[in-house]
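Numbers restart at 1 for each chain; the letters A, B, ... are given by sequence-line order, proteins then strands.
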Protein chains: 2
Amino acid sequence: MIDRRQILVAPLAPLAAQPQAELRAAMIGVGNRGSYTMRSVMQVPGVRVAAVCDIKPDRLDKAASAAAAHSPKTYTDYRQVLAQKDIDAVHISTPCDLHVEMAIAALQAGKHVYLEKPAGIDAESIGRLVDVAKSSRKVFLIGQQLRSHTRMRAVISKIHEGLIGKVVMIKAQRHSADDLAHDGPSADWFFDAKRSGDVIVEMSVHNLDVCNWIASSRPERAAGFGGALVWPNDPPGRTNMDGYTLSYEYENGVKLSYTQVFFHARGMPGSGQYWYVYGTEGSVDLDKAMYYPRSRDKQPMEIVPPTEEKLDAQHIGAFYDCVTKGAKNPADINVAAVGALTAILGREAIYRKKMLSWQELGARV
Amino acid sequence: MIDRRQILVAPLAPLAAQPQAELRAAMIGVGNRGSYTMRSVMQVPGVRVAAVCDIKPDRLDKAASAAAAHSPKTYTDYRQVLAQKDIDAVHISTPCDLHVEMAIAALQAGKHVYLEKPAGIDAESIGRLVDVAKSSRKVFLIGQQLRSHTRMRAVISKIHEGLIGKVVMIKAQRHSADDLAHDGPSADWFFDAKRSGDVIVEMSVHNLDVCNWIASSRPERAAGFGGALVWPNDPPGRTNMDGYTLSYEYENGVKLSYTQVFFHARGMPGSGQYWYVYGTEGSVDLDKAMYYPRSRDKQPMEIVPPTEEKLDAQHIGAFYDCVTKGAKNPADINVAAVGALTAILGREAIYRKKMLSWQELGARV
């Protein structure tokens with residue numbers, strides 16, 4: 001019940017938004033991903049893209065032109081960006097093997113950090129990032145942007161409220177009909193698992209993070225098989241997998257079946273991404289926001305109507321809400337580290353051909 | 001090229017079928033399954049159901065009535081059936097834990113054996129059955145009846161001929177919306193994993209056998225997780241699982257993702273059974289007999305038009321073709337043993353929470 005007197009005595013909202021103190025952001029890495037998210041950063045009210053940084057001159061020039069309205073300085077060395085005192089926040093969109101080093105340096109330089117996923121590609125260095133992020137007073141937010149997906153948030157809230165009873169199992173996948181372009185903008189590092197962390201860490205961290213979110217837990221162990229099955233050594237030197245199958249068991253007992261393949265031929269049913277969530281009282285098709293009850297007395301229903309999502313804008317907006325308003329961080333260092341470590345656990349289980357536990361992985365979070 | 005002279009000198013086919021020597025069959029176990037297949041046995045030309053056997057008097061009476069046209073003798077002890085000299089073939093449709101013992105005894109008594117799946121529920125006893133069946137001159141055929149599925153045979157032949165290049169991975173499942181009836185005709189043994197071998201052995205042996213068939217290989221190792229997730233101890237004393245996720249790796253490198261759940265709520269997409277087969281040049285949806293090429297220059301196509309399958313009749317017919325005509329056995333002791341052992345490997349990997357190898361299982365075939 002709203003107390004009417006409280007409304008009467010509450011201050012009136014200002015008719016026009018207050019002018020905000022300008023926040024100065026730097027884009028570190030303006031390749032495929034960074035140049036794309038920069039457009040969303042530029043649209044956040046009160047935020048100015050004050051610096052862009054890339055080791056590739058052509059990309060740097062292109063980004064500087066695209067951000068011309070904000071007159072950014074340009075850099076080729078990210079350390080010089082961090083040394084620039086008036087930079088408040090950095091967006092790190094570099095190859096995965098550089099994430100930990102750059103994020104730690106940025107936090108230690110007193111910057112707020114929006115780090116593209118994954119947090120890192122090995123357990124040891126992620127542990128170091130966790131230590132730094134947890135002891136920092138700056139905002140650290142990971143680009144696991146499904147955490148800002150309005151509809152997904154609503155559906156998972158309903159699951160957590162008990163819509164389908166206790167969650168016991170999840171079946172999820174990420175299937176596509178083609179390998180990543182062998183001559184695409186990230187081809188110089190993507191196919192090298194030592195740089196990308198392999199496809200499970202580079203891409204499926206999104207999907208697995210959603211599983212962690214649904215399960216409200218973290219994996220205890222994992223096992224599975226995979227490899228470069230259709231494109232071995234193609235492109236030459238490739239160490240990324242192109243297909244794998246994994247099973248996980250969570251600390252709270254939830255089971256997860258997960259596959260990722262790049263060779264689910266066009267047109268065959270059962271492709272794409274999904275999360276089927278199985279509970280003791282029913283199931284949820286997360287992607288379609290549909291609830292299916294176990295009881296024959298109840299009817300399936302759409303949990304939330306379709307929403308128009310602008311994921312980048314929403315997630316970057318959430319970051320600046322944390323910076324300026326102390327809002328709750330939807331993708332903090334725990335989400336980041338557990339997400340990446342879940343993917344790394346699966347990868348290492350496959351590489352080592354054994355059932356691997358969270359503990360054996362040396363995961364620290 | 002057909003040589004016309006050969007046709008001219010070939011003997012003419014008889015206008016009417018030759019009267020066949022009568023084959024005398026015995027049904028051992030006429031519960032839910034045995035009473036059903038008996039109808040198909042009775043329809044095989046030249047086969048008479050000469051004996052029915054069950055430890056439950058009501059079932060025995062019912063089966064004797066249903067087979068009245070064949071005037072079968074009735075038995076409660078299967079050993080007495082085997083002692084009946086004029087029985088040529090036996091159909092064993094008893095709870096799974098009795099399969100090995102009865103099949104061995106029947107072969108040793110000189111009977112042809114049609115054994116319902118699974119061949120057995122533990123590696124050691126299956127090894128004994130393998131020894132006996134391989135040294136017997138009688139026909140042994142396992143009720144893995146998908147091996148007689150006309151359309152499936154045609155599609156898998158095409159896969160083996162190279163339709164999709166080299167097979168690298170299979171994704172298969174068996175999902176349903178409900179647990180087996182807790183008061184159904186098999187409820188007194190089905191939920192006891194020590195009698196049924198658990199659901200993976202009792203039911204998914206069909207699905208996993210098809211995977212073995214597609215892969216033209218057998219598993220080298222497996223790992224996964226599962227349990228009685230939605231119905232723990234329900235019915236009371238239950239030791240069967242109701243859901244699990246598994247990954248297999250075959251000797252020839254093929255990977256398999258497999259799940260079985262009884263709690264995929266009604267109406268949610270992605271339920272039922274499927275086998276998605278991934279090759280280096282395309283994919284096949286086995287259940288729909290659809291081929292999807294990788295190349296954009298080719299079109300998806302239906303490999304074989306839909307067929308009307310009478311699986312029981314076809315598979316039982318194949319058995320009697322082996323007995324009377326020396327036809328090639330589509331479901332011999334190798335198919336039987338490898339199928340059951342594949343399921344047992346998965347089950348034991350789940351029970352022991354470790355990656356388990358074919359060798360560690362002590363599988364002998």
Inset, instruction - Could you tell me whether A/R151 and A/E302 have a side-chain N and a carboxylate O separated by less than 4.0 Å? - result: yes
Inset, instruction - Taking only Lys NZ, Arg NE, NH1 and NH2, and the carboxylate oxygens of Asp or Glu, determine whether B/R266 and B/D178 approach each other closer than 4.0 Å. - result: yes
Legend entry - Greater than 12 external heavy atoms within 6.0 Å of A/E161's CD: yes
What residue in [options] has the most heavy-atom pairs under 4.5 Å with chain B?
options: A/E281, A/Q173, A/K353, A/M290; result: A/K353
options: A/G253, A/S257, A/A223; result: A/S257
options: A/V284, A/I164, A/T280, A/L229; result: A/L229
options: A/G267, A/G243, A/P269, A/G227; result: A/P269
options: A/K354, A/K288, A/H264; result: A/H264
options: A/G226, A/P300, A/A177; result: A/G226

Of all of [options], which one pairs up most often with chain A through heavy atoms under 4.5 Å apart?
options: B/E249, B/K255, B/R294; answer: B/E249
options: B/Y258, B/Y276, B/Y292; answer: B/Y292
options: B/V261, B/L246, B/V168; answer: B/V168

With only heavy atoms counted, which part of [X] is less than 4.5 Å from chain A, the side chain, the backbone, both or neither?
X: B/Y274; result: side chain
X: B/P293; result: backbone
X: B/Y244; result: backbone
X: B/A349; result: neither
X: B/R296; result: side chain

State, with a plain yes or no, whether a side-chain heavy atom of [X] is found less than 4.5 Å away from one of [Y].
X: A/S204; Y: A/V201; answer: no
X: A/E251; Y: A/P219; answer: no
X: B/S283; Y: A/F263; answer: no

Legend entry - Check: A/K117 side chain, A/E202 main-chain N or O, donor-acceptor pair, under 3.5 Å: yes
Inset, instruction - Return yes if some donor-acceptor pair links the side-chain N/O of A/D198 with the main-chain N/O of A/M241 below 3.5 Å, else return no. - result: yes
Inset, instruction - State the CH2-CG distance between A/W231 and A/D179, to the nearest 0.5 angstrom. - result: 4.5 Å
